[in-house]
> 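Take a look at this one; I'll ask things after.
Everything numeric here is computed off the predicted structure, so don't read it as measured data.
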Amino acid sequence: QVHLVESGGGLVQPGDSLRLACATSGFAFDDYAIGWFRQAPGKKREGVSCISVRDGRTHYMDSVKGRFTISRDNTKNTVDLQMSRLNSDDTANYYCAAVPGSSSTVPCEAWMYDYWGQGTQVTVSS
């Protein structure tokens, strides 16, 4: 059974950093692309950052480029999202998701993903 569990969310101040972690089990991690998505109240779920199957190709949404870094550990079956210089626009529920993929693509649209975690809330407020 596929499981994705997010952790690391919380309440932080503008300018702070936070590291989210996605622990996975129940599937061949090496064969799946992993993405981080977020959804704020009343807004669509959007692809924050995604990482390809084996070669580590990455995709970032424009507003987080240079601030967020995604990384995967194929030995621990985890994917982390390091977030820095957080601002109020980053406030949302953050989800990790998985989809079988090839190393030549980095899917990063929510509809492309098959398996989802329950999410972890990130709130940026002074």
> For the CZ atom of Phe68 and the CE atom of Met61, what is their distance to the nearest 0.5 Å?
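Interatomic distance, Phe68 CZ to Met61 CE, rounded to 0.5 Å: 8.5 Å.
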> Between Cys22 and Tyr95, is there a side-chain heavy-atom distance shorter than 4.5 Å?
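Counting from C-beta outward, Tyr95 and Cys22 never come under 4.5 Å.
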> For residues Val124 and Thr91, report the shortest heavy-atom separation together with the two atoms involved.
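Nearest heavy atoms, Val124 then Thr91: N-OG1, 2.9 Å.
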> Do Val79 and Val99 land in one hydrophobic cluster if side-chain heavy atoms of ILVMFWY residues count as linked below 4.5 Å?
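No, Val79 does not connect to Val99 through the hydrophobic network.
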> Whether the side chain of Arg67 engages the backbone of Arg85 through a donor-acceptor N/O pair (distance < 3.5 Å, no angle test) should be reported.
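Indeed, once roles are kept as given, a pair shorter than 3.5 Å links the two residues.
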> Within the structure provided, determine whether Val122 and Met83 are in side-chain contact (heavy-atom separation under 4.5 Å).
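Yes. Closest side-chain heavy atoms under 4.5 Å.
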> Taking atom CD of Glu109 and atom CZ of Phe37, what is their separation to the nearest 0.5 Å?
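The CD atom of Glu109 sits 7.5 Å away from the CZ atom of Phe37.
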> Could you list the residues that satisfy side chain to side chain contact (heavy atoms under 4.5 Å, CB included) with Asp89, not counting sequence neighbours?
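In terms of side chain to side chain contact (heavy atoms under 4.5 Å, CB included), with neighbours along the sequence ignored, Asp89 is linked to Asn87.
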> Mind listing the closest non-hydrogen atom pair of Gln39 and Lys43 along with its distance?
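Residues Gln39 and Lys43, closest heavy atoms: NE2-O, 3.1 Å.
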> Could you list the donor-acceptor pairs under 3.5 angstrom formed by side chains in residues 112-120, with sequence neighbours left out?
residue, atom, partner, partner atom, Å
Tyr113, OH, Pro107, O, 2.5
Trp116, NE1, Tyr113, O, 3.4
Thr120, OG1, Gly9, N, 3.1

> How close do Leu18 and Gly10 get, heavy atom to heavy atom, and via which atoms?
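Residues Leu18 and Gly10, closest heavy atoms: CD2-N, 4.0 Å.
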> Does Lys65 have any side chain to side chain contact (heavy atoms under 4.5 Å, CB included) partners at least two apart in sequence or in another chain, and if so, which?
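Partners of Lys65 under the side chain to side chain contact (heavy atoms under 4.5 Å, CB included) test: Tyr60, Asp62.
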> If you look at every heavy atom in Val106 and Ile51, which pair is closest and at what distance?
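Scanning both residues completely, I find the closest heavy atoms to be CG1-N, 4.0 Å.
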> In a table with atom names and distances, give each donor-acceptor pair under 3.5 Å that connects a side chain of residues 26-34 to protein atoms at least two apart or in another chain.
residue, atom, partner, partner atom, Å
Asp31, OD1, Arg54, NH2, 2.8

> In Å, rounded to the nearest 0.5 Å, how long is the span from NE2 of His3 to CG of Asn77?
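Those atoms lie 13.5 Å apart.
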> Enumerate the residue pairs fulfilling side-chain hydrogen bond (donor to acceptor under 3.5 Å, both in side chains) with a member in residues 13-26, sequence neighbours excluded, ordered by first and then second residue.
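Sorted pair list: Arg19-Asp80, Arg19-Gln82.
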> Compare every heavy atom of Ser49 with every heavy atom of Leu81, then report the nearest pair and how far apart it is.
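The answer is CD1-CB, 4.0 Å.
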> Which atom pair, heavy atoms only, marks the closest approach of Ser63 to Arg38?
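Heavy atoms only, the tightest pair is OG-NH2, 3.7 Å.
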> Val5: which other cluster members, linking ILVMFWY side chains closer than 4.5 Å, directly or transitively?
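Once heavy-atom contacts under 4.5 Å are chained together, Val5 still belongs with nothing else.
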> Once you round to the nearest 0.5 Å, how far does CD1 of Ile70 lie from NE2 of His59?
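Reported to 0.5 Å precision, the distance equals 10.5 Å.
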